[in-house]
Visitor: 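Dumping the structure here so I can ask a few things about it.
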Amino acid sequence: MSVPTSMRAAVDAAKARVAALHAELPRWELVVWTAGNVSERVGDYLVIKPSGVRYDDLDADAMVVCDLDGNLVEGARSPSSDTAAHAYVYRHMDHVGGVVHTHSTYAAAWAARGEEIPCVLTMMADEFGGPVPVGPFAIIGDDSIGRGIVETLDGHRSPAVLMQNHGPFTVGRDARSAVKAAVLLEEVARAVHVAKQGGDLIPIPQDAIDSLYHRYQNVYGQH
Ligand SMILES: O=C(CO)[C@@H](O)[C@@H](O)COP(=O)(O)O
(Lines give C-alpha, C1' and ligand atoms only; values in the text may rest on other atoms or scores of the structure.)
Protein backbone atom coordinates (compact mmCIF):
# COMPACT_ATOMS: atom_id res chain seq x y z
CA MET A 1 0.00 0.00 0.00
CA SER A 2 1.16 3.54 -0.67
CA VAL A 3 -0.26 7.05 -0.53
CA PRO A 4 -2.46 7.67 -3.60
CA THR A 5 -1.21 10.32 -6.01
CA SER A 6 -4.37 12.30 -5.33
CA MET A 7 -3.35 12.58 -1.65
CA ARG A 8 0.34 13.31 -2.20
CA ALA A 9 0.27 17.07 -1.83
CA ALA A 10 -2.04 16.96 1.20
CA VAL A 11 0.09 14.32 2.94
CA ASP A 12 3.32 16.20 2.25
CA ALA A 13 1.82 19.40 3.65
CA ALA A 14 0.69 17.52 6.76
CA LYS A 15 4.17 16.04 7.19
CA ALA A 16 5.62 19.55 7.28
CA ARG A 17 2.99 20.77 9.78
CA VAL A 18 3.30 17.75 12.07
CA ALA A 19 7.10 17.90 12.02
CA ALA A 20 7.02 21.58 13.01
CA LEU A 21 4.45 20.95 15.73
CA HIS A 22 6.63 18.28 17.36
CA ALA A 23 9.15 21.07 18.06
CA GLU A 24 6.47 22.78 20.17
CA LEU A 25 6.51 19.92 22.70
CA PRO A 26 10.05 20.55 24.04
CA ARG A 27 9.62 24.28 23.43
CA TRP A 28 6.76 24.39 25.97
CA GLU A 29 8.51 21.82 28.22
CA LEU A 30 5.78 19.22 27.71
CA VAL A 31 8.20 16.34 27.10
CA VAL A 32 11.52 14.87 28.11
CA TRP A 33 13.65 12.86 25.67
CA THR A 34 11.13 11.40 23.14
CA ALA A 35 8.13 11.05 25.44
CA GLY A 36 5.42 12.65 23.34
CA ASN A 37 3.86 12.60 19.90
CA VAL A 38 1.63 14.56 17.55
CA SER A 39 -0.49 13.30 14.66
CA GLU A 40 -2.83 14.78 12.08
CA ARG A 41 -5.54 13.08 10.07
CA VAL A 42 -5.32 13.39 6.26
CA GLY A 43 -8.33 11.69 4.71
CA ASP A 44 -8.00 7.96 5.39
CA TYR A 45 -4.45 8.37 6.69
CA LEU A 46 -2.63 9.83 9.65
CA VAL A 47 0.78 11.45 9.81
CA ILE A 48 2.78 10.84 12.99
CA LYS A 49 6.35 10.80 14.22
CA PRO A 50 8.52 7.67 14.13
CA SER A 51 8.96 5.96 17.49
CA GLY A 52 11.85 6.93 19.75
CA VAL A 53 13.38 9.56 17.46
CA ARG A 54 14.71 12.73 19.10
CA TYR A 55 12.79 15.92 18.38
CA ASP A 56 15.89 17.56 16.86
CA ASP A 57 15.82 14.86 14.18
CA LEU A 58 12.11 15.18 13.33
CA ASP A 59 11.85 16.97 9.99
CA ALA A 60 9.09 16.49 7.41
CA ASP A 61 10.91 13.63 5.72
CA ALA A 62 11.16 11.80 9.04
CA MET A 63 7.38 11.69 9.51
CA VAL A 64 5.58 8.42 8.80
CA VAL A 65 2.16 7.81 7.29
CA CYS A 66 -0.28 5.17 8.57
CA ASP A 67 -3.77 4.12 7.64
CA LEU A 68 -6.53 4.59 10.22
CA ASP A 69 -5.99 1.06 11.49
CA GLY A 70 -2.45 2.09 12.44
CA ASN A 71 -0.70 0.17 9.66
CA LEU A 72 2.43 1.76 8.22
CA VAL A 73 1.84 3.03 4.69
CA GLU A 74 4.87 5.24 4.12
CA GLY A 75 8.10 5.78 6.02
CA ALA A 76 11.47 4.32 6.73
CA ARG A 77 10.95 3.85 10.46
CA SER A 78 8.40 2.27 12.81
CA PRO A 79 5.55 4.65 13.74
CA SER A 80 5.02 6.03 17.23
CA SER A 81 4.20 3.43 19.86
CA ASP A 82 0.96 5.36 20.46
CA THR A 83 -0.20 5.10 16.84
CA ALA A 84 -2.94 2.61 17.73
CA ALA A 85 -4.41 5.10 20.22
CA HIS A 86 -4.28 7.97 17.74
CA ALA A 87 -5.84 5.79 15.02
CA TYR A 88 -8.64 4.59 17.32
CA VAL A 89 -9.53 8.19 18.14
CA TYR A 90 -9.71 9.10 14.45
CA ARG A 91 -11.90 6.07 13.68
CA HIS A 92 -14.38 6.91 16.44
CA MET A 93 -14.32 10.73 16.61
CA ASP A 94 -15.05 12.07 13.13
CA HIS A 95 -14.62 15.71 14.17
CA VAL A 96 -11.07 15.13 15.43
CA GLY A 97 -8.26 16.02 13.04
CA GLY A 98 -5.33 16.10 15.44
CA VAL A 99 -4.17 14.12 18.48
CA VAL A 100 -1.34 14.82 20.93
CA HIS A 101 0.11 12.69 23.72
CA THR A 102 2.61 13.89 26.31
CA HIS A 103 3.73 13.02 29.83
CA SER A 104 3.83 16.66 30.92
CA THR A 105 4.66 16.84 34.61
CA TYR A 106 1.66 18.44 36.28
CA ALA A 107 -0.93 16.79 34.06
CA ALA A 108 0.76 13.43 34.70
CA ALA A 109 0.67 14.13 38.44
CA TRP A 110 -3.13 14.57 38.31
CA ALA A 111 -3.27 11.36 36.22
CA ALA A 112 -1.19 9.52 38.84
CA ARG A 113 -3.85 10.41 41.42
CA GLY A 114 -6.69 9.58 39.04
CA GLU A 115 -8.08 13.02 39.90
CA GLU A 116 -9.82 15.27 37.41
CA ILE A 117 -8.72 18.91 37.29
CA PRO A 118 -11.66 20.98 38.59
CA CYS A 119 -12.77 24.01 36.61
CA VAL A 120 -11.54 26.77 38.93
CA LEU A 121 -9.78 29.08 36.42
CA THR A 122 -11.30 31.07 33.58
CA MET A 123 -8.63 29.64 31.24
CA MET A 124 -10.10 26.20 31.96
CA ALA A 125 -13.61 27.37 31.11
CA ASP A 126 -12.25 29.00 27.92
CA GLU A 127 -10.34 26.03 26.55
CA PHE A 128 -11.80 22.98 28.28
CA GLY A 129 -15.38 24.07 28.93
CA GLY A 130 -15.25 22.54 32.40
CA PRO A 131 -13.11 20.06 34.34
CA VAL A 132 -10.46 17.94 32.63
CA PRO A 133 -11.64 14.33 33.03
CA VAL A 134 -9.70 11.20 33.94
CA GLY A 135 -9.69 8.15 31.67
CA PRO A 136 -9.13 4.53 32.76
CA PHE A 137 -5.79 2.89 33.41
CA ALA A 138 -4.82 1.13 30.19
CA ILE A 139 -1.57 -0.48 29.09
CA ILE A 140 -0.07 0.36 25.69
CA GLY A 141 -0.24 -2.36 23.06
CA ASP A 142 -3.83 -2.59 21.85
CA ASP A 143 -6.96 -0.42 21.48
CA SER A 144 -7.51 -0.01 25.23
CA ILE A 145 -5.91 3.43 25.50
CA GLY A 146 -7.76 4.70 22.43
CA ARG A 147 -11.03 3.24 23.71
CA GLY A 148 -10.47 4.90 27.09
CA ILE A 149 -9.84 8.27 25.44
CA VAL A 150 -12.97 8.07 23.28
CA GLU A 151 -15.27 6.75 26.02
CA THR A 152 -14.09 9.50 28.38
CA LEU A 153 -14.34 12.38 25.91
CA ASP A 154 -17.63 11.25 24.38
CA GLY A 155 -20.17 13.93 25.27
CA HIS A 156 -17.50 15.99 27.06
CA ARG A 157 -16.44 19.49 26.01
CA SER A 158 -12.86 18.98 27.13
CA PRO A 159 -10.29 18.37 24.37
CA ALA A 160 -8.05 16.78 27.01
CA VAL A 161 -8.20 13.56 29.02
CA LEU A 162 -5.86 12.45 31.80
CA MET A 163 -5.29 8.71 31.31
CA GLN A 164 -4.89 7.32 34.82
CA ASN A 165 -1.33 6.41 35.84
CA HIS A 166 -0.10 7.52 32.42
CA GLY A 167 -0.61 11.07 31.18
CA PRO A 168 -2.60 13.42 28.96
CA PHE A 169 -3.99 12.95 25.50
CA THR A 170 -5.50 15.95 23.71
CA VAL A 171 -7.58 16.24 20.55
CA GLY A 172 -8.47 19.06 18.18
CA ARG A 173 -9.89 19.87 14.77
CA ASP A 174 -6.27 19.78 13.58
CA ALA A 175 -2.86 19.00 15.06
CA ARG A 176 -2.19 22.64 15.96
CA SER A 177 -5.40 22.80 18.02
CA ALA A 178 -4.45 19.59 19.84
CA VAL A 179 -0.97 20.98 20.60
CA LYS A 180 -2.53 24.19 21.94
CA ALA A 181 -4.78 22.12 24.22
CA ALA A 182 -1.73 20.23 25.50
CA VAL A 183 0.10 23.49 26.24
CA LEU A 184 -2.85 25.06 28.07
CA LEU A 185 -3.54 21.80 29.90
CA GLU A 186 -0.09 21.75 31.47
CA GLU A 187 -0.47 25.41 32.45
CA VAL A 188 -3.79 24.87 34.25
CA ALA A 189 -2.61 21.56 35.76
CA ARG A 190 0.30 23.43 37.32
CA ALA A 191 -1.73 26.47 38.44
CA VAL A 192 -4.49 24.41 40.06
CA HIS A 193 -1.90 22.14 41.71
CA VAL A 194 -0.20 25.19 43.22
CA ALA A 195 -3.54 26.68 44.26
CA LYS A 196 -4.50 23.47 46.08
CA GLN A 197 -1.38 23.77 48.24
CA GLY A 198 -2.70 27.07 49.58
CA GLY A 199 -6.21 26.07 50.52
CA ASP A 200 -9.68 25.36 49.18
CA LEU A 201 -10.42 25.89 45.51
CA ILE A 202 -13.32 28.11 44.48
CA PRO A 203 -15.44 26.55 41.73
CA ILE A 204 -16.71 28.70 38.87
CA PRO A 205 -20.53 28.67 38.51
CA GLN A 206 -21.70 26.59 35.53
CA ASP A 207 -23.44 29.51 33.82
CA ALA A 208 -20.18 31.46 33.93
CA ILE A 209 -18.27 28.46 32.55
CA ASP A 210 -20.73 28.18 29.69
CA SER A 211 -20.50 31.91 28.93
CA LEU A 212 -16.70 31.95 29.05
CA TYR A 213 -16.47 28.82 26.86
CA HIS A 214 -18.82 30.22 24.22
CA ARG A 215 -16.95 33.53 24.09
CA TYR A 216 -13.52 31.95 23.83
CA GLN A 217 -14.53 29.37 21.25
CA ASN A 218 -16.50 31.80 19.07
CA VAL A 219 -15.37 35.40 19.70
CA TYR A 220 -11.79 35.39 21.02
CA GLY A 221 -8.94 36.12 18.66
CA GLN A 222 -9.04 37.11 15.00
CA HIS A 223 -11.92 36.13 12.76
O1 LIG B 1 5.10 6.44 27.07
C2 LIG B 1 5.38 5.94 26.00
C3 LIG B 1 5.91 4.56 25.86
O4 LIG B 1 5.69 3.85 27.06
C5 LIG B 1 5.22 6.77 24.75
O6 LIG B 1 4.04 7.52 24.87
C7 LIG B 1 6.37 7.76 24.58
O8 LIG B 1 7.59 7.15 24.92
C9 LIG B 1 6.42 8.25 23.14
O10 LIG B 1 6.66 7.10 22.35
P11 LIG B 1 7.02 7.26 20.78
O12 LIG B 1 8.43 7.81 20.69
O13 LIG B 1 6.02 8.20 20.15
O14 LIG B 1 6.90 5.83 20.25
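Order of listing sets the numbers, starting from 1, for every ligand and every atom in it.
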Visitor: So which protein heavy atom does atom 9 (C) of ligand 1 come closest to, and at what separation?
Guide: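 Minimum-distance protein heavy atom for atom 9 (C) of ligand 1 reads T34 O, 3.4 Å.
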Visitor: With respect to G52, determine whether any N or O atom, backbone or side chain, lies less than 3.5 Å from an N or O atom of ligand 1.
Guide: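 Between G52 and ligand 1, an N or O pair is found under 3.5 Å apart.
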Visitor: What's the shortest heavy-atom distance between F128 and A160, and which atoms?
Guide: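 Minimum heavy-atom contact is CE2-CB, 3.7 Å.
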Visitor: Would you mind checking if E127 and K180 are paired as a salt bridge, meaning a charged N to carboxylate O distance below 4.0 Å?
Guide: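 Looking at E127 together with K180, the answer is yes, because their closest N to O distance falls below 4.0 Å.
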Visitor: Using 4.0 Å as the upper bound for N to carboxylate O, is an ion pair formed by R157 and D210?
Guide: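 So D210 pairs with R157 through a salt bridge.
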Visitor: Salt-bridged, K196 to E115, with N to O below 4.0 Å?
Guide: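 Salt bridge present between K196 and E115.
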Visitor: Give the atom numbers and elements of ligand 1 that come within less than 4.0 Å of a heavy atom of K49.
Guide: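 Checking each atom against K49, I get 11 (P), 12 (O), 13 (O).
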Visitor: Can you list the ligand 1 atoms lying under 4.0 Å from a non-hydrogen atom of S80?
Guide: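 Answer, ordered by atom number: 11 (P), 13 (O), 14 (O).
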Visitor: Looking at G36, which atoms of ligand 1 are within less than 4.0 Å of one of its heavy atoms?
Guide: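 Answer for ligand 1: 9 (C).
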Visitor: For atom 7 (C) of ligand 1, grab the closest protein heavy atom and report residue, atom and distance to one decimal in Å.
Guide: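 It is A35 CA, 3.8 Å.
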Visitor: What is the closest protein heavy atom to atom 11 (P) of ligand 1, and at what distance does it sit?
Guide: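 That would be S81 OG, 3.6 Å.
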Visitor: What residue and atom, counting heavy atoms only, is the protein's closest point to atom 6 (O) of ligand 1, and at what distance?
Guide: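 Minimum-distance protein heavy atom for atom 6 (O) of ligand 1 reads D82 OD2, 2.5 Å.
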Visitor: Report yes or no: does E186 contribute a side-chain atom to a donor-acceptor pair with the main-chain N or O of A107 at less than 3.5 Å?
Guide: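 Looks like yes, one N/O pair under 3.5 Å.
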Visitor: Using a 3.5 Å distance criterion without hydrogens, assess whether the side chain of D82 forms a donor-acceptor pair with backbone atoms of A85.
Guide: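 The answer is no, because no donor-acceptor pair under 3.5 Å joins these two groups.
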Visitor: Aromatic ring centroids of H101 and H86 under 6.0 Å?
Guide: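 Distance test on ring centres: not under 6.0 Å, no.
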Visitor: I need the nearest protein heavy-atom contact for atom 2 (C) of ligand 1: residue, atom name and distance, please.
Guide: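 In this structure, atom 2 (C) of ligand 1 has H103 NE2, 3.8 Å as its nearest protein heavy atom.
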Visitor: Got a salt bridge between K15 and E40, using NZ or NE/NH1/NH2 to carboxylate O under 4.0 Å?
Guide: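 No, no charged N to carboxylate O under 4.0 Å.
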Visitor: Please report whether atom 4 (O) of ligand 1 has a protein non-hydrogen atom at a separation of less than 4.0 Å.
Guide: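 There is no protein heavy atom less than 4.0 Å from atom 4 (O) of ligand 1.
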Visitor: Below 4.0 angstrom from a heavy atom of H101, which ligand 1 atoms are there? Numbered from 1 as shown, please.
Guide: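 Reading through ligand 1 atom by atom, the close ones are 6 (O).
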